[in-house]
Amino acid sequence: MTDIQPARGTHDLIGEDQRRHHHVVETARHVSGCYGFEEWITPIFEDTRVFSRTLGETSDVVTKEMYTFEDRGGDSITLRPEATAGVCRALVTNGLTQSLPRKVFCSGPMFRYERPQKGRYRQFHQIDIELIGPSEPLADAEVIACGWNILKALGVHADTVLELNTLGDQDSRAAYREALVEYFTAHKGGLSPDSLVRLERNPMRILDSKEEQDRKIVAGAPTIQPHLTEAAAAFYTKVQEYLTRFGVPFRENPRIVRGLDYYSHTAFEFVTSKLGSQGTVMAGGRYDGLVAEMGGPATPAVGLAAGVERLAMLLDAAPLAPAPVAVVPIGDEAEAAAIGILQSLRAAGIRAEMSYRGNLRRRMERANKIEARAAVILGPDDLMQGVAQVKDLKTGAQEAVAIPDIAAYLT
RNA sequence: GUGACUGUAGCCCAAUGGUAAGGCGCGGGACUGUGAUUCCCGUCACUCGGGUUCGAUUCCCGACAGUCACACCA
C-alpha cells in the first residue's frame, strides 16, 4: 500500500463502472444525434470570468465551489463547474453567432469543490445539450424531449418525473421578486436562518428550501403566475402544449428554482425517487441572456445537463463486457502458428486474446477467467492436420476446424 | 459548510489490552493435450500522530480518508 490516495471526491472508472459510464454517454450521444445535435469538445478549463460573470455572483457554485487557480502566466483559470458557459464562450469566440441555430452536444468532466457523498463528486461528469438561437417555445420542448428520450433509451425513465416551471421574463421576474420579498418579510420571524440570508440575496431560493419551518411558509407564498407578463404566460403555455405533442409527460412544480442565475422562462428538472437527496438527474432551462453576457449579440438559447454518475447508478444492469475468443497454443511451435490465427480473428473484427505463458491447463483456466466464449486450441497434432480445436466454453462442445475457416466459424 | 457512522491484506471480513483467523483473489502443485468442481502448499494486513499502560490493532484524543445524511446541486 502506498500513502498516495486519489484526490478527495475523485474516482476511477474501471470495469463495470466504466461500462456503465460509457453506456450513458454513448446513449446520450446517439439520441441527441438523432435530434440533430453535433458534438463539441470545449476546454475543461477557462478564463475564470467565463464562469464568474455568468453563473450569478451569489450562486453557491461561484461563491464557494469553483476550482480556481492562477497559472504560470498570472491568469486566473477555473476548472469548469458546468458546460453551458464554456459552450457560449466557444460560440462567441468562433464567430458562430452568425450561423444559428446551433445544436450542441457535450460531455466530459466538471469540477465543483463540494463535500462528496453518494452521487456527488468533486470531479463528476455531465452530458450536456444546448440549442442556441431559437427563441420559440418549440425549442424548449425539443430539448426536453431529447432529454426524456435519453432517459428512455437508458431505461431509467420509469422512476423519473419531469417537473416544469417558468421563471418568466425580466419584467415578470422583477414583479415576482418584489411580491416574494414582501411576503417573506412579513413572515420573517418564522424563517430558518438560511432562508433569512436567501431573503437578502436571492429570495426565489427560499421556495426551494427543504427546511420544515420554511415549508409551511413557502406553501402560502405567492406563485409567479399572477406576475407573469402576458407574453411570458403565453410562452409557458406553448411549451406545455409542445411537450404534450412530443409525448413527454410532466408535472408543474412552481417551486423549481435553478441553482444558476442565468435562467429565464422555462426551468425544469427530471427527478428520481431512487437516489435519495441527489434525486435530480437531469435539469436545465432557457438562458436568453447568457451569450450576450459573454460579449456576443443577444442570443436566445435553451439547454440541459445530466449527471453521468447518477444516471449510471440508475441503470438496472451494467452492460456486459464483450466476450473474447481465447487462442490456446500447446508448445512453442504451435504458439508461432497461433499468432497467425490471433491476427486473422482480430482482422475479422473478433475480439481475440492469447495469454503470454502457461501450459494448456493454465491457459484454459485463463480463458475461463476472462469469460471467453470460445477457445481455439492448437496443438502439434492439430497443426500437422491444418486444423484447430474450437471449443465453445458455454456448452463444452468442441470441433476441429480448418485454420483458414476459424474466423468465419466464430463470426 | 454541519452532523452521524466507519477505517484490519488487491477485495470481503473475524477476533483480541500480550502483534491477528477465514473467504475470494493471486502464485505453485495433485493433473506431462482441455476450463468453471475438488484437494494440498505458498503469498499478502491492523490509516497516521499523540495520550493512558509494563505492553495498544484493541481504550481515549486529534488528523486524514471513506460512506451516508443535511445544506446545495447534475
Side-chain angles (χ1 to χ4, degrees), chain A residues 1-11 14-15 24 28 55 58-65 81-84 107 109-128 147 192-195 197-198 202 205 208-212 214 256-260 269-272 275-284 303-314 326 328-331 334 355 357-383 388-398:
Chain A
M1 228 201 347
T2 28
D3 49 358
I4 299 176
Q5 300 288 319
R8 184 152 205 214
T10 65
H11 57 155
I14 295 172
V24 169
L55 305 189
T58 62
S59 68
D60 281 359
V61 170
V62 170
T63 53
K64 49 192 189 202
E65 293 174 3
E82 58 101 43
T84 307
S107 77
M110 306 293 160
F111 305 84
R112 291 184 198 173
Y113 190 87
E114 295 186 278
R115 200 139 159 198
Q117 66 182 278
K118 183 177 185 158
R120 156 171 304 168
Y121 308 97
R122 288 183 173 181
Q123 176 178 336
F124 61 104
H125 298 78
Q126 286 187 332
I127 52 176
D128 200 75
S192 67
D194 281 348
S195 285
V197 176
R198 296 186 184 109
N202 190 342
R205 288 252 168 75
D208 205 26
S209 175
K210 277 121 197 155
E211 208 80 45
E212 191 58 43
D214 291 339
I256 287 195
V257 184
R258 308 298 347 286
L260 307 174
E269 292 184 0
F270 286 93
V271 184
T272 173
L275 244 38
S277 63
Q278 271 69 246
T280 303
V281 103
M282 179 182 272
L304 65 76
V308 176
E309 284 81 358
R310 290 182 186 179
L311 290 173
M313 278 190 288
L314 288 176
V328 179
I330 304 162
S355 57
R357 65 160 69 97
N359 58 23
L360 176 58
R361 179 186 164 71
R362 285 290 164 223
R363 287 171 188 263
M364 289 301 287
E365 277 176 0
R366 177 76 191 155
N368 194 55
K369 182 154 308 171
I370 63 175
E371 294 183 306
R373 52 188 246 250
V376 175
I377 303 159
L378 186 70
D381 300 349
D382 303 305
L383 199 51
Q389 305 298 324
V390 180
K391 181 171 189 173
D392 184 313
L393 291 179
K394 282 261 152 49
T395 65
Q398 184 169 312

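Hydrogens, waters and symmetry mates play no part in the numbers below; they use all other heavy atoms, side chains included. The chains referred to below are lettered A, B, ... by the order of the sequence lines, with proteins before strands, and numbering in each begins at 1.
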| Separation of the P atoms in rA15(B) and rA9(B), to the nearest angstrom | 16 Å
| said: Base, sugar-phosphate or nothing for Ala367(A)? Non-hydrogen atoms, less than 4.0 Å. | reply: nothing
| query | Any side-chain N or O of Arg8(A) less than 4.0 Å from the OP1 or OP2 oxygen of rG66(B)? | reply | yes
| query | Does the rG33(B) base have a donor-acceptor partner in the side chain of Asn359(A) within less than 3.5 Å? | reply | no
| For Phe270(A), which contact category applies under a 4.0 Å heavy-atom criterion: base, sugar-phosphate, or nothing? | nothing
| message | Rounded to the nearest 0.5 Å, what separates atom CG in Leu304(A) from atom OG1 in Thr84(A)? | response | 9.0 Å
For nucleotides 43-45 of chain B, print each protein N/O atom paired with a nucleotide N/O atom at under 3.5 Å, atom names and distance only.
none

| field | Closest non-hydrogen atom pair, Ile127(A) against Ala28(A) | value | CD1-CB, 3.4 Å
| said: Quick one: does any side-chain atom of Glu309(A) pair with a main-chain N or O of His125(A) as donor and acceptor, under 3.5 Å? | reply: yes
| field | Separation of atom CG in Leu311(A) from atom C1' in rA74(B), rounded to whole Å | value | 9 Å
| Listed partners of Glu269(A) passing salt bridge (charged side-chain N to carboxylate O under 4.0 Å, His left out), at least two apart | Arg258(A)
| remark: Separation between CG (Leu393(A)) and CD (Glu371(A)), nearest 0.5 Å, reads 11.0 Å
| query | Taking atom P of rA74(B) as reference, at what distance in whole Å does atom CD of Glu269(A) sit? | reply | 7 Å
| task | Write down the distance between CD1 (Ile377(A)) and C1' (rG35(B)), rounded to a whole number of angstrom. | result | 9 Å
| message | Pick the closest RNA chain B nucleotide for Ala7(A) and for Met282(A) by heavy atoms, then say which residue is nearer the 5' end. | response | Ala7(A)
| Nearest-angstrom distance from the residue atom CZ of Phe111(A) to P of rA74(B) | 16 Å
| remark: Of all heavy-atom pairs linking Val328(A) and Ala375(A), the shortest is CG2-CB, 4.4 Å
| field | Set of residues satisfying ring pair (Phe, Tyr, Trp, His ring centres under 6.0 Å) with respect to Phe111(A), sequence neighbours excluded | value | none
| task | Quote, to the nearest angstrom, the P distance that separates rA20(B) from rG62(B). | result | 30 Å
Using nucleotides 1-5 of chain B, report all nitrogen or oxygen pairs with the protein that are shorter than 3.5 Å.
residue, atom, partner, partner atom, Å
rU2(B), O4, Arg115(A), NE, 3.3
rU2(B), O4, Arg115(A), NH1, 2.8
rG3(B), O6, Arg115(A), NH2, 3.0

| Euclidean distance for P, rG18(B) against rG29(B) (whole angstrom) | 40 Å
| Is there a donor and acceptor pair closer than 3.5 Å between the side chain of Arg310(A) and the base of rC73(B)? | yes
| query | In terms of side-chain heavy atoms of Gln126(A), which of rG35(B), rC68(B), rA74(B) is nearest? | reply | rA74(B)
| How is Lys369(A) classified with respect to the nucleic acid when contacts are heavy atoms under 4.0 Å: base, sugar-phosphate, or nothing? | sugar-phosphate
| What is the nucleic acid contact for Gly9(A), judged by heavy atoms within less than 4.0 Å: base, sugar-phosphate only, or nothing? | sugar-phosphate
| task | State the CD-CG distance between Gln389(A) and Asp381(A), to the nearest 0.5 angstrom. | result | 9.5 Å
| request: Pick the C1' atom in rA14(B) and in rU57(B), then give their distance to the nearest Å. | output: 13 Å
| note | In whole angstroms, the gap separating P of rU34(B) from CE of Met364(A) amounts to 10 Å
| message | Using a heavy-atom cut-off of 4.0 Å across all strands, would you classify Glu309(A) as base, sugar-phosphate, or nothing? | response | nothing
| remark: Looking only at rG33(B), rA74(B), rG28(B), the nucleotide nearest the Arg362(A) side chain is rG28(B)
| said: What's the closest nucleotide to the side chain of Arg361(A) if the choices are rG33(B), rA30(B), rA69(B)? | reply: rA30(B)
| If the P atom of rG7(B) is compared with that of rC12(B), how far apart are they to the nearest Å? | 12 Å
| At what distance, to the nearest 0.5 angstrom, does CZ of Arg363(A) lie from CD1 of Ile377(A)? | 11.5 Å
| query | Would you say the side-chain atoms of Arg112(A) pair up with the backbone N or O of Arg122(A), donor to acceptor, closer than 3.5 Å? | reply | no
| RNA chain B stem ranges, 3 or more consecutive Watson-Crick or G-U pairs under 3.5 angstrom | B:1-7 with B:64-70, B:10-12 with B:22-24, B:25-30 with B:38-43, B:47-51 with B:59-63
| task | Indicate whether OP1 or OP2 belonging to rU34(B) is found under 4.0 Å from a side-chain N or O atom of Arg363(A). | result | no
| task | Starting at OG1 of Thr395(A), measure out to CZ of Arg373(A) and round the result to the nearest 0.5 Å. | result | 12.5 Å
| message | Tell me the interatomic distance from Ile330(A), atom CD1, to rC31(B), atom P, rounded to whole angstroms. | response | 18 Å
| field | Distance, P atom - from rU8(B) to rG3(B), rounded to whole angstrom | value | 24 Å
| query | So what does Gly119(A) hit on the nucleic acid, given a heavy-atom distance under 4.0 Å: a base, only sugar-phosphate, or nothing? | reply | base
| remark: Taken to the nearest whole Å, OH/Tyr121(A) to C1'/rG66(B) is 12 Å
| message | I'd like the C1' distance from rU52(B) over to rC41(B), given in whole Å. | response | 44 Å
| query | To the side chain of Asn368(A), which of rA74(B), rG35(B), rA69(B) is closest? | reply | rG35(B)
| Partners of Arg362(A) by salt bridge (charged side-chain N to carboxylate O under 4.0 Å, His left out), sequence neighbours excluded? | Glu365(A)
| task | Taking all heavy atoms of Leu383(A) and all of Ala334(A), pick out the closest pair and write down the distance. | result | CD2-CA, 4.1 Å
| task | Determine, stepwise, if the pair Arg115(A) / Arg8(A) fulfils side-chain contact (heavy atoms from CB on, under 4.5 Å). | result | CA-CA 9 Å; Arg115(A) 200 139 159 198; Arg8(A) 184 152 205 214; 4.3 Å; yes
| task | For nucleotides rA45(B) and rC24(B), find the distance between their C1' atoms and express it as a whole number of Å. | result | 15 Å
| query | Any donor-acceptor pair under 3.5 Å between the side chain of Gln389(A) and the base of rU34(B)? | reply | no
| said: Can you tell me how far apart OG1 (Thr280(A)) and CZ (Arg310(A)) are? Round to the nearest 0.5 Å. | reply: 6.5 Å
| request: Grab the CG-C1' distance between Asp392(A) and rG35(B) for me, whole Å please. | output: 12 Å
